[in-house]
Amino acid sequence: MTQGIAALFMVATFQVAPAQVQITPERAEIEVAETAQLAVRATDGAGRLLEGLDIRWIASTPELATVDETGRVTALNAGMARITAVVGGRPTTASVVIRALPPSELRAEVGSGEPYAGQVVPMRVRAFNRLGEPVPDPTLEYRSSRPEVAAVDGAGLIFARGTGSATISVSGAGVTTSTTLTVRADPGVSYSLEPLEARVRTGDVVRFTATAERSGGEAVAAFPEWSISGTGAQVEDERGQGVFVAEEPGTYRVTARMGENAVVSGVVRVEPRGADAELVQIGRGGASEHHSGDVWVFEGLDGRDYAYIGTYMWDWMKVWDVTDASNPVLTDSLQLDARRINDVKIHPNNRIGIVTREGASSRRNGMVLLDLTQPAHPTILSEYTETLTGGVHNVWISGEHDLVYAVHNGTRAVHVIDISNPEAPHEVGRWGIDNQQRSLHDIIVQEGYAYVSYWDDGAVVLDVGAGTHGGTPTTPTFVSQYKYPIGNTHVAWRHGKYLFVGDEIFPAGWDPDKAIHARGYIHVLDMTDMENPVEVAKYEVPEAGVHNIWAEDDRLYVGYYQAGLRVLDISGDLRGDLYEQGREIAVILTTDDQTTTPNWPMAWGAQIHKGRIFSSDLNSGLWITELKERPRVVF
């Protein structure tokens, strides 16, 4: 009996910590939508095979593949997927090469099926795989049945040469499609370009329009092919217009090729943009004994101004009277059961505050509602944990409807909480994407739309009362989604026609008590078509990482972690690399001798209140600055 118990004990021990774990096969190769079966081979110290082990499978790259509890991998997107098996606390990783599906269908469109001789006409070809999904950048070959009538080059540009009909064929990966053109005689088409000359600063967008007309002034459809001389600038086609922007000063020639022998061009003289402002420190609420979190500033019912700041790895919310911005006064601290008070928001009526909790010892996190009758000394009015026990990372308050949109760590969904009776909040709605690997981080509601930052699933736009897609404040409906390969979508903010979307990338094994080498940048999306966001620009500070953002009066205020608080000019059209263009107008490094980590700023974000900028820094607490604008250079 004793020997039997000992044997069982040994087997249990081996199950907890095998000496060697191997995934077979070590490297698999499949196509998108296919599956691969992985298995685990575990042995003890003597090389004996262990059976009946508990295995936990993890898709380390969930944007590329999923894995179920049996080790069956399903390919989602092309790339090198990493699958991890954890046995007895011992992780082992295997690679699965996922090949993109080849094209199974080509669809070709031409700008005009009846061009005039002498014109150039673009041919747009889209490739789709057997799942009906687009195949990016397919390798294609073009051929004309009658080059003397219409020739075609290797990029699909058609040169109309003589009257008659010609068939243009395009093929790739064994798939072929074609289209037939009828070339008409040249009626004497002339071409022009506007503007012929422009003078701008780096970052300013110039839109060129190329036109064609017959003798007599009748307009003719034109299909310009845009190009630019020199480096340091770019021109892109946008619905026939040439959209020019320069990162570097200089003189550039923008050319529109309208026909095989017809070219029109204009000149752009670009001056340096120059710094237009500076950030001046007004006041400080230093914190060196703990890490700080989010900040929210408001005018209290007593007519004074207050800044509430959450904390990281600490269980207090700090209350600062900032009426005299040059001399903030700590009036109170509110202790909560939490390891992280990540977010602080104030209802527009300034009577109710909300702070979020993560890491509560009771494991009932949720959010805490504050009574702000005495804003210098807020008190707990109520707590809501019923459906938010897993922790809340961020919230947004819709004051008009007395609703809170809460980001729940447990369900990884947006929970809509009714706080019309703040002493008895209750859930009235919920929305989440259909992805078991989802990770939800942030939400902002602006003009009836919720902009939800869904990490590897990108930025998701919901109708929460705009009425365009049937949504209401309590029943969010899907509008659109924009994601990119690197993922880590952390925050989004709408300003004008643009949505500014920020990444957050921390290195493996980062330590909050040491210097954190964060990365990530801001993607600028054109939201003119709400259902089809288009990335048109970026703002990336080298060797640093972006965090929270705030936009007001054509200025973007960015907590750029170790690169400090930065201000960006976002006036006018935005295209290209905003950092290289010099659109950044002011910077302040948020670090001094009152900090947890010497010489290492970690700017959290910013809020504008009564003309001043209130920021928090993970390592050093509250910062109050002003943006001092300088006169712009006029050409």
Side-chain angles (χ1 to χ4, degrees), residues 56 89 287 289-296 308-320 330-347 351-375 377-397 402-432 436 438-443 452-453 455 490 506 510-513 596 604 616 618 621:
R56 182 162 63 96
E289 72 277 11
H290 59 78
H291 295 289
S292 299
D294 191 37
V295 62
W296 197 267
Y308 287 6
I309 299 183
T311 53
Y312 178 73
M313 303 302 288
W314 213 53
D315 55 356
W316 294 84
M317 185 197 77
K318 301 299 218 36
V319 179
W320 292 89
L330 185 65
T331 63
D332 208 343
S333 296
L334 186 66
Q335 189 173 28
L336 302 172
D337 180 9
R339 287 288 288 162
R340 182 170 186 166
I341 302 171
N342 188 73
D343 200 16
V344 180
K345 292 291 191 299
I346 305 299
H347 193 290
R351 296 177 179 276
I352 299 170
I354 292 180
V355 291
T356 64
R357 298 195 302 192
E358 294 173 285
S361 63
S362 65
R363 296 189 179 182
R364 296 186 64 81
N365 292 280
M367 60 187 192
V368 177
L369 283 73
L370 306 178
D371 182 344
L372 306 186
T373 303
Q374 298 182 51
H377 305 283
T379 58
I380 295 176
L381 179 65
S382 63
E383 298 182 6
Y384 181 77
T385 61
E386 183 178 353
T387 61
L388 302 174
T389 57
V392 176
H393 199 63
N394 283 290
V395 298
W396 191 267
I397 302 175
D402 282 330
L403 296 174
V404 174
Y405 295 87
V407 170
H408 184 218
N409 299 343
T411 60
R412 294 162 293 176
V414 176
H415 293 238
V416 187
I417 311 300
D418 186 326
I419 59 167
S420 55
N421 178 0
E423 295 184 1
H426 60 284
E427 183 171 312
V428 292
R430 188 181 299 193
W431 193 93
Q436 292 183 349
R438 65 183 181 264
S439 179
L440 177 60
H441 196 278
D442 201 2
I443 183 170
V452 187
S453 297
W455 211 246
H490 163 269
F506 275 16
W510 61 276
D511 184 340
D513 294 320
T596 63
W604 186 279
S616 61
L618 180 72

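Not a single donor-acceptor pair under 3.5 Å links the side chain of Thr385 to the backbone N or O of Gly366. Between the side chain of Tyr308 and the main chain of Ile354, no donor-acceptor pair closer than 3.5 Å is present.
Among all heavy-atom pairs drawn from Leu372 and Pro378, the shortest one is CD2-CB, 3.8 Å. Of all heavy-atom pairs between Ala287 and Gly621, the closest is CB-CA, 4.0 Å. The shortest heavy-atom contact between Leu388 and Ala406 is CD1-CB, 4.1 Å. Summarising the geometry of Asn365 relative to Gly391, their closest heavy-atom pair is CB-CA, 3.3 Å, with the distance given to 0.1 Å. When all heavy atoms are compared, the tightest approach of His426 to Tyr384 is CA-CE1, 4.0 Å. Ile419 approaches Pro425 most closely through the heavy-atom pair CG2-CB, 4.2 Å.
Here CG of Leu334 is found 8.0 Å from OG1 of Thr379. Values are rounded to the nearest 0.5 Å. To the nearest 0.5 Å, the span separating OG on Ser616 from CD1 on Ile309 amounts to 6.0 Å. To the nearest 0.5 angstrom, Leu618 atom CG is 12.0 Å from Asp294 atom CG. Summarising the geometry, atom CD1 belonging to Ile417 is positioned 8.0 Å from atom CZ belonging to Arg430; distances are rounded to the nearest 0.5 Å. Remark: His290 NE2 to Asp315 CG distance equals 10.0 Å, nearest 0.5 Å. Between the NZ atom of Lys318 and the OG1 atom of Thr331 there is a distance of 11.0 Å, given to the nearest 0.5 Å.
Side-chain polar atoms of His291 and Asp513 form a donor-acceptor pair below 3.5 angstrom. No side-chain donor from either of Glu358 and Asn342 sits under 3.5 Å from a side-chain acceptor of the other.
Note on ring orientation: taking the six-membered ring where Trp is involved, the planes of Trp316 and Trp314 are tilted (angle from 30° to 60°). Using cut-offs of 30° and 60° for the angle between ring planes, the Trp455 and His490 rings count as perpendicular.
More than 12 heavy atoms of other residues, nucleotides or ligands lie within 6.0 Å of CD in Glu289, so this atom counts as buried by the packing criterion. Under a cut-off of 6.0 angstrom, the local environment of CZ in Arg438 is crowded, with over 12 non-hydrogen atoms contributed by other residues, nucleotides or ligands. The number of heavy atoms from other shown groups lying within 6.0 Å of CD (Gln335) is above 12.
A salt bridge (Lys or Arg N to Asp or Glu O under 4.0 Å) check over residues 379-393, counting only residues at least two apart or in different chains, returns the pairs Arg357-Glu383.
Within the 4.5 Å cutoff, the side chain of Ile380 has heavy atoms near those of the Leu336 side chain.
For His377, the side-chain hydrogen bond (donor to acceptor under 3.5 Å, both in side chains) partners at least two apart in sequence or on another chain are Asp332.
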>> Walk me through whether Lys345 and Thr356 qualify under side-chain contact (heavy atoms from CB on, under 4.5 Å).
In response: CA-CA 9 Å; Lys345 292 291 191 299; Thr356 64; over 6 Å; no
> Can Leu381 and Leu370 be said to form a side-chain contact (heavy atoms from CB on, under 4.5 Å), step by step?
Replying inline: CA-CA 5 Å; Leu381 179 65; Leu370 306 178; 5.9 Å; no
>> Determine whether His408 and Leu440 satisfy the following criterion, side-chain contact (heavy atoms from CB on, under 4.5 Å), listing intermediate values before the conclusion.
In response: CA-CA 8 Å; His408 184 218; Leu440 177 60; over 6 Å; no
> Can Leu403 and Asp418 be said to form a side-chain contact (heavy atoms from CB on, under 4.5 Å), step by step?
Replying inline: CA-CA 5 Å; Leu403 296 174; Asp418 186 326; 4.2 Å; yes
